[in-house]
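Read the structure below first, then the notes.
In what follows, chains carry the letters A, B, and so on, assigned in the order in which the sequence lines appear, proteins first and then strands, with residues in each chain numbered from 1.
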Amino acid sequence: GNSVTQMEGPVTLSEEAFLTINCTYTATGYPSLFWYVQYPGEGLQLLLKATKADDKGSNKGFEATYRKETTSFHLEKGSVQVSDSAVYFCALGGSQAGTALIFGKGTTLSVSS
Amino acid sequence: KAGVTQTPRYLIKTRGQQVTLSCSPISGHRSVSWYQQTPGQGLQFLFEYFSETQRNKGNFPGRFSGRQFSNSRSEMNVSTLELGDSALYLCASSLAGGRTNEKLFFGSGTQLSVL
């Protein structure tokens, strides 16, 4: 079945460091891929998405490219801020109508000043 | 525009009891999905309702059920609570015109503790 594997955390960085959170997937068909972020005490918010191979999603300085050849959707940011501290989830969209997402286990990012 | 509202925010129950959680989607959204979030299993899909019909269901026992009302508000019910049901239950809404790449809007969740 479909699945998502993302790197385990926690990831601890200093402000302005480069961030990469790896995400790989297994899926049939051509699923959509997402990154969601969860700040402490809140629900998840969509950070970015890509709907087909080679698409690049971007938002708030974060980027991720849908790589079908490596079945990956790694999240990157060139210079992290303390306010980026949160839990990041990679997710795979279903192939049928409906909105059942398959989430990775989440990666906790902690950025210190 | 108001976001997704989940009530209550916190809930404490004992084993064997039942519980009902409520979710009000964003106005105009017709799809409501429920997810269970635990430290060990992460986020797992429970079910999705669209226009009062269950359209999709995850791999959870029948003790977990839900429904959606004509105003798109949704409730989920867990009967005969077990310790392992302790989790953050998240509700998400979307316009759900049938596309699979729609953005989900999540509520802040209901934190259920079973003692």
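- Contacts of B:Leu88 with chain A are made by side-chain atoms alone, with heavy-atom separations under 4.5 Å and no backbone atom involved.
- Under the side chain to side chain donor-acceptor pair (under 3.5 Å) criterion, A:Tyr88 pairs with no residue, sequence neighbours left out.
- Between B:Arg63 and B:Glu82 a salt bridge is recorded (basic side-chain N to carboxylate O distance below 4.0 Å).
- Using a 30° and 60° split on the angle between ring planes, A:Phe103 and B:Phe106 fall in the perpendicular class, above 60°.
- With sequence neighbours left out, A:Glu42 forms a side chain to side chain donor-acceptor pair (under 3.5 Å) with A:Gln45.
- Residue contact with chain A, scored on non-hydrogen atoms closer than 4.5 Å, involves the side chain of B:Leu90 exclusively.
- For chain A, the nearby part of B:Gln37 is the side chain; its heavy atoms alone come within less than 4.5 Å.
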